[in-house]
Amino acid sequence: MIELYLFLIFMLIAAIIAIEIQDLLAAIISLGAVGFSVAIMFIFVHAPDLAIVQIVVEVLTVVIFVAVVLRTTHVDETIGKKLSGTQILSIVFYAFFVILFLTVMIRSLQELPAFGNATMKVAKEYIKLGLPQTGGANIVADVILDFRALDTLGEATVLFTSVIGVAALMRKVGRK
Amino acid sequence: MRGMSLIVKTITNSIIGFIFIYGLYIILHGHLTPGGGFAGGVIIAGAFVLKILAFGSGASAEKRSTTVASIFESVGALLFIGVAMSGLLLAGTFFLNFLPKGVPLHLLSAGIIPLCNIAISIKVGAGLFSIFLALAAMKYIVED
Amino acid sequence: MIVFVSCIILFLIGLYAIVTKRNLIKIAIGFAFIEYAVNLLFALIGFKRGALAPIITQIDKPHNFVDPIPQALVLTAIVIALGTTALMLTVILRIYNRYKTFDIAEIRKLKG
Amino acid sequence: MLFIPLLFALPLITAFVIPILGKIYKPLVWIVTTVVSFILFIIALYGVAVTQEIPMSVYKMGNWPPPLGIVMAFDSFSAFMVLMISIIVFTTSLFSLRYLSRFTGQWKFYTLFMLMTAGMMGISITGDLFNMFVFLEIAAISSYALVAFGIEGEELEASFKYMVMGEIGGLTFLLAIALIYAKTSTLNLADISNSMQVIRGTTFFWMIIGMMLFAFSIKAGLVPFHTWAPDAYPAAPAPISSL
């Protein structure tokens, strides 16, 4: 699993670069690097469906980000300015929060099954019943379109909502 | 000259069909191989995006494609919920897989799953294409 | 354990951008990171050593698959994340068109 | 039991039809919305009548037994919620016509309005943890768009602030779902509450409770997380503030 660790490190470095760099276009490319390394890690954990969807979604996300940045400005003027009072306050708050959150999180993550030993209580049933009862060979497709099809309807609705929302917010004038 | 250079246009013309067929393959084999309605729909939307980026388009063409895309999106969503409702009306349960299951591992199998994949791909392709049009290509959507 | 904690660290990096950055695009990038972190954590939870991707290619063999449920749920979550990102960028674009800046400190009411 | 899926399917179908109707004949949109919300109100009344006889009815989506498929649980509390939502939705859509005449793009408003209705109906009747997240996001995303519907400066700022808070809440909820799934390996709410009894008192248990509380209090605009609310309410179009 050494390749997984390498990509995790790469992902974290790219994430820090994306947040701290001044050129917004470079930040978006680093965002793309994070997204694509997530896609590759999906392949390492045997999730080809996820990898395909993550790649296409990542391409689209980067295209949308770049479209917005090209229509506005690609220099982050706030980097290098002196920190304001509220900012310093929020960094201090955030530091306290991180310490608290990490201790609680690590303690509770230890109570979970270790990495690589999924419990699979319900999932066993899906694997057993998937092909005979729904007829689909891809168990993930069986789950999203038959066993849990309502989630997929909801997902399609979320996308529909955001398309209508984008269309509503890109009107030329709001009021008559 | 609108759009990009002649080289880009020629290459676009020759590969756009392949992108389309690849998207269709991903959609139709969604119940057998990785992928499915969502990924295939995005790939087909990507083919249209490529065409617009390479050839450019006028304001009127963009307005027309927005209208068409929004109608297609509604139709795809209605198809999907129609599959669910026909489970309710024909067999008594919402989202019941009421079609025959067919031979496993063949293209025509799995009941409603391929139908759902097709509906999702229409919906997602049209929806993401109109997001792209609204955010990247057009200045604003003008209400009539 | 280490892989789970790295996902949490990515989550915290995204939260750092949201809490302390003043640039709207950086805040949107922070949200994208949180979404990736949660999706990746979810997918890693379903991993099983020595198991295969949950796609049946031969019917009569015994199936030893990784957990398909997290994959199905993450598929949904990725799409939802795309929807929110698109809507958020639209709002950011309209805010820029109005105020000509991405800096929340200069956009008077967004402060805090 | 047939009425349970109709509670969210009906507004969804309406929302999908409205973009087509809006291109054919505009006044039809308001009529359809109002009629549908009136039908929803009647269904909700019927649901209340049903809960008088059967206190708890469970609807299995796609006829899969509970841990496998998604279930909808309809008890007296969800009947009350559904009734409240349908009353608010019906009166809002009845009186929205005059208020909305100031805005452009009215069919988009009604589409988002119906989607929000579907999302809230879904939240109140679902019996599955991840499904609740999905419906929560439908309601949340449509309300972000509705808050910014007037696309003036204040509305956009309020919407952005609301979006930041709401998404932090939503993603915390998703993280909690992931951890709960890792522990219990199921998503059915009844199943989860059984498993949670076993691990009661551990750090994991309290962290999950904390994250859930955090997420829901952000969504509902409770006291420590209410900072978005004063901005969002006046900025939103008045029919939306009522929700």
Side-chain angles (χ1 to χ4, degrees), chain A residues 4 8 11-12 15-16 18-19 24 27 31 34-35 38 41-42 45-50 53-54 57 60-61 64 68-69 71-72 76-78 84 87 90-91 94 98 105-106 109 114-116 118 120 122-123 126-127 131 137-140 143-144 148 151 155 158-159 162 165-166 169-170, chain C residues 1 3-6 8-10 12-13 16-17 19-23 25-26 29-30 32-33 36 40 43-49 51-56 59 63 65-69 71-72 74-76 78-80 82-87 89-94 96 103 105 111-112:
Chain A
L4 191 63
L8 278 172
M11 177 185 81
L12 292 179
I16 293 169
I19 283 176
L24 286 177
L31 171 77
V34 176
V38 168
M41 279 186 275
F42 283 153
V45 295
H46 300 296
D49 284 275
L50 286 185
V53 171
Q54 174 70 35
V57 165
L60 217 77
T61 312
I64 295 173
V68 169
V69 168
R71 285 174 70 165
T72 51
D76 183 357
E77 313 97 342
T78 58
S84 64
Q87 237 178 336
S90 55
I91 289 175
Y94 180 77
V98 165
M105 203 54 150
I106 288 172
L109 281 176
F115 175 62
M120 298 175 72
V122 182
Y126 282 144
I127 292 170
L131 191 58
N138 183 351
I139 307 280
V140 177
V143 174
I144 60 170
R148 303 183 61 86
D151 280 350
E155 165 206 315
V158 167
L159 208 59
S162 83
V166 169
L169 297 190
M170 292 303 286
Chain C
M1 189 63 202
V3 282
F4 291 160
V5 173
S6 354
I8 298 297
I9 291 174
L10 184 62
L12 289 174
I13 290 174
Y16 171 77
V19 172
T20 63
K21 289 291 164 186
R22 279 164 43 185
N23 189 301
I25 294 278
K26 290 279 171 74
I29 290 177
F33 285 160
Y36 293 154
L40 188 60
L44 291 173
I45 281 168
F47 181 65
K48 204 170 132 193
R49 250 174 243 283
L52 296 173
I55 292 161
I56 297 172
I59 297 171
H63 306 311
F65 289 152
V66 298
D67 195 342
I69 302 178
Q71 300 194 13
V74 171
L75 213 56
T76 308
I78 289 175
V79 180
I80 291 175
L82 177 65
T84 36
T85 309
L87 194 65
L89 283 172
T90 315
V91 173
I92 289 174
L93 184 60
R94 289 315 296 255
Y96 185 87
D103 190 349
K111 223 185 302 181

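Below, read A as the first sequence line, B as the second, and so on, with proteins coming before strands; counting in each chain starts at 1. For clarity, every value in this text was computed on a predicted model and none was experimentally measured. Any value given below was found using the heavy atoms of this structure, including those in side chains, with hydrogens, waters and symmetry copies removed.
Here Tyr36(C) contributes atom OH and Thr61(A) contributes atom OG1; the two are 5.0 Å apart, rounded to the nearest 0.5 Å. For the atom pair Leu10(C) CG and Met11(A) CE, the distance stands at 4.5 Å (nearest 0.5 Å).
For the side-chain contact (heavy atoms from CB on, under 4.5 Å) test, residues two or more places apart in sequence or in another chain that qualify with Val79(C) are Glu155(A), Leu159(A), Phe38(B).
When heavy atoms are compared at a cutoff of 4.5 Å, Ile106(A) approaches chain C by way of both its backbone and its side chain. Only the side chain of Tyr96(C) comes within less than 4.5 Å of a heavy atom in chain A; its backbone stays farther off. Looking at Leu24(A), the atoms closer than 4.5 Å to chain C (heavy atoms on both sides) all sit in the side chain, from C-beta outward.
Contact tally against chain A (heavy-atom pairs below 4.5 Å) for Val3(C), Val74(C), Ile80(C), Thr85(C): the top residue is Val3(C). No other option in Leu8(A), Val143(A), Val38(A), Leu60(A) has as many heavy-atom pairs under 4.5 Å with chain C as Leu8(A). Of all the listed residues (Leu12(C), Val66(C), Ile69(C), Thr84(C)), the one sharing the greatest number of non-hydrogen pairs under 4.5 Å with chain A is Leu12(C). The candidate from Leu82(C), Leu40(C), Leu89(C) with the greatest count of non-hydrogen atom pairs under 4.5 Å with chain A is Leu89(C). Of the listed residues Val53(A), Val98(A), Leu109(A), Ile64(A), the one with more heavy-atom pairs under 4.5 angstrom with chain C than any other is Leu109(A). Of the listed residues (Val5(C), Leu44(C), Ile45(C)), the greatest number of heavy-atom pairs within a distance under 4.5 Å of chain A belongs to Leu44(C). Chosen from Val68(A), Val140(A), Ile19(A), the residue pairing most often with chain C at heavy-atom distances under 4.5 Å is Ile19(A). Interface check for chain C: of the options Val158(A), Ile16(A), Leu4(A), the most heavy-atom pairs under 4.5 Å are formed by Val158(A). Ranked by heavy-atom pairs under 4.5 Å with chain A, the first of Ile9(C), Ile92(C), Ile78(C) is Ile78(C).
Contact record, Val34(A) with Ala15(A): CG2-N, 3.6 Å, taken as the closest heavy-atom pair. Closest non-hydrogen pair, Gly30(C) versus Ala17(C), comes out as CA-CB, 3.9 Å. Gly165(A) and Leu87(C) make their closest contact through C-CD1, 3.7 Å (heavy atoms, listed as atom of the first residue, atom of the second, distance).
With Ile25(C) as the fixed residue, the side-chain contact (heavy atoms from CB on, under 4.5 Å) test singles out one of Leu31(A), Thr72(A), Val69(A): Val69(A).
Under a 3.5 Å cut-off, the side chain of Arg94(C) and the backbone N or O of Leu169(A) do form a donor-acceptor pair.
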